[in-house]
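Worksheet for the structure shown next.
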Amino acid sequence: MDMRTYLPRFAAIALASASFLAVTAAEAKEITIWCWDPNFNVAIMKEAGARYSKSHPDVTFNIVDFAKADVEQKLQTGLSSGTADALPDIVLIEDYGAQKYLQSFPGAFAPLSGTVDYSGFAPYKVGLMTLDGQVYGMPFDSGVTGLYYRKDYLEQAGFKPEDMQNLTWDRFIEIGQQVEAKTGKKMMGFDPTDAGLVRIIMQSAGQWYFDKDGKANITGNAALKASLETVGKIMSSNIYKPAAGWADWVGTFTSGDVATVITGVWITGTVKAQPDQSGKWGVAPIPALSIDGATHASNLGGSSWYVLESSAEKAEAIDFLNEIYAKDVDFYQTILQDRGAVGSLLAARSGAAYGAADPFFGDEKVWQNFSDWLAKVPSVNYGVFTNEADTAVTAQLPALSQGMPVDDVLKAIDAEISGQIQ
Amino acid sequence: MNNGFTRKASAILTYGFVGLMAFLSVFPFIWMLLGATNSSIDIIKGKILPGSALATNVSAFFTQVNAPLVFWNSAKIAILATVFTLAVSSLAGYGFEMFRSRHRDRIYSALLLTMMIPFAALMIPLFIMMGKAGLINTHFAVVLPTIGSAFIVFYFRQCTKAFPSELRDAAKVDGLKEWQIFLYIYVPVMRSTYAAAFIIVFMTAWNNYLWPLIVLQSNETKTITLVISSLASAYYPDYGVVMVGTILATLPTLAVFFFMQRQFVQGMLGSVK
């Protein structure tokens, strides 16, 4: 055969492959994601993206990392300006700020109810991203709280691990006094400019700075009152080592100066970063208040993924989040092992990493415990002004430590919040 | 004798005070240098002695950050902003001083008033403009709003007051056109003013944070300030790596300053030879 008979065939094949390439090019989708922390959220999203790309080779990921405050600033500017192409497809939002964005920018985020099976997640996580019956967002990392305690110090003071279970706050303070009397160690580190402990105790009793309708709930808030009373007692009984700022607070337990740490599960990696303390730590549920609705479960921090309604890749973005974050139990094992991330999918506990006994904690199955507590965290409405309320509480902590009556402290907090959120 | 003692005591007091102040201003810088040699945990614990983690920190910085790209982005923005700002704002300063008109001072006051508007108020309108112009996520969008700098116009106008108008008159008599006077007489005579403005604009552009943060959207366009911000805001920041980044980010501004220090001081004194 001569060349002339081949040519048309070549041309046809070339044309067909060209159009085939054009079709795949049109189908290839890039999902753009904004989040913070290269070693945590960014790394976890890369893992999630890699898993999704295996079954969906046509989808690629562009994960852009900014500081948390920077993500918020950019999101706020992008949404306020109405410049849709300036926004990503998926953005990470801190849970405390979720309602602020959902309520300030109605229609900006894609509702995922109907697509995502939210019954599989910790209820408090779903509650904080619900607005007018619609659920927005994909629950991500949890700050479920625990009471980390030094078994060796407590044993010296005469307490066994059983004695640390199901404590009340009053009992916790009593133990603290005995620990100091017998070991010379303080019970906990406390930063008097950080209201995190107040939030932990308040949410453990099912209340927040705001009620279900988002109205400020301060002077009549039994949980907040009891929480401030507790923090006041901790300060007046002097069972804490004062810390100035976050790094200093972390130093109180990494240096072995305190007997317990009460905070979110994300601290585990930092606790475990001191190999010489291996085997000396245990984890118990946090102490409870003695009021109605009090529990041993609470939360500190955490964030979740949201899909922008204006996104050109909205369908792919939702499907991606749903396939990985709502269904892939194995994914949760990987991020727990590699990054110490505790997700909010309750089914994750059935995996190997969650079932493992941790020698650092004397072979306790700490992840199973955290997973139990995760499901029990009371659901509250973080409202629009959590940060403002938190500032108001922090401002009153010195007065509280100087013995100002708690009712007066509540009134002062209430006055400041009402002034700020008008 | 007594007099000598008083003089000595006052010298000790003076040098002691100056030394203390110098220490207070240099200490953060020293701490940054020492921090780069320590591990994150040592930095948190407050160690202020040299450590042995420098190599680890440097290599961690270069694995975590695409340094050549990020520094190239910062340099590109700073250099473009400096060149354009100096060109545009010095022309404006020259014009405001040299050309008399009935409305000159009113326009000038209006221009100075724009310095009173906080950037936060301009941010969203500016962002919308950039969005409409299709410039979001370009370095051009970072540079563009800065080149008409009211402060640099003001600075050039003030310095131009010292520019001898006889020079301009003589040049005119010799038949130079206005642009030639500007280019061949004004610019060389004012070079210390240019040097000082260069340093100011370059440092502002290099350290600029908020506006690049708003308009730059991808890892490929980010500047060093944004990258450091991201590193420092991790849940568990590696402060050693942050220190290495901060040192590297400080070097260009230091170099520019030392390179032009003599002219800068002259420019600040407003001298014209």
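Residue numbering restarts at 1 for every chain, and letters A, B, ... go by the order of the sequence lines. Everything quoted here is computed from the prediction, not taken from an experiment.
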Proximal component of [X], with respect to chain B [non-hydrogen, under 4.5 Å]:
{"X": "A:I267", "result": "both"}
{"X": "A:T270", "result": "side chain"}
{"X": "A:F40", "result": "side chain"}

> Looking at side-chain heavy atoms only, is the closest gap between B:Y235 and A:N39 below 4.5 Å?
Replying inline: no
>> When you compare the side chain of B:K222 with that of A:D65, does any pair of heavy atoms fall below 4.5 Å?
In response: yes
Any idea which heavy atoms bring [X] and [Y] closest together, and the distance?
{"X": "A:W266", "Y": "B:Y236", "value": "O-OH, 3.1 Å"}
{"X": "A:Q73", "Y": "B:I214", "value": "CG-CD1, 3.5 Å"}
{"X": "A:A67", "Y": "B:S229", "value": "CB-OG, 3.1 Å"}

> Rounded to the nearest 0.5 Å, how far apart are CG of B:N219 and CG of A:N62?
Replying inline: 6.5 Å
> Rounded to the nearest 0.5 Å, how far apart are NZ of A:K74 and CG of B:L210?
Replying inline: 10.0 Å
>> Quick check for you: among B:L226, B:L216, B:V227, which has the greatest number of heavy-atom pairs under 4.5 Å with chain A?
In response: B:L216
>> Check this for me: A:F105, atom CZ, are more than 12 non-hydrogen atoms of other residues, nucleotides or ligands nearer than 6.0 Å?
In response: yes
>> Looking at A:W246, I'd like to know if its CH2 atom is crowded, meaning that more than 12 non-hydrogen atoms belonging to other residues, nucleotides or ligands lie closer than 6.0 Å.
In response: yes
> For chain B, which of A:A86, A:G245, A:G82, A:A69 has the most heavy-atom pairs under 4.5 Å?
Replying inline: A:A86
> Between A:T77, A:N41, A:T32, which shows the greatest number of heavy-atom pairs under 4.5 Å with chain B?
Replying inline: A:T77
> Tell me, side chain or backbone of B:I43 under 4.5 Å from chain A's heavy atoms, or both, or neither?
Replying inline: neither
> Side chain, backbone, both or neither: which part of B:Y209 has a non-hydrogen atom closer than 4.5 Å to chain A?
Replying inline: side chain
>> Looking at B:A234, is its backbone amide N or carbonyl O close enough to the side chain of A:K68 to form a donor-acceptor pair, meaning the two atoms are under 3.5 Å apart?
In response: no
> Within residues 116-150 of chain B, which positions have a heavy-atom distance to chain A below 4.5 Å?
Replying inline: B:M123, B:I124, B:F127, B:I128, B:G131, B:I136
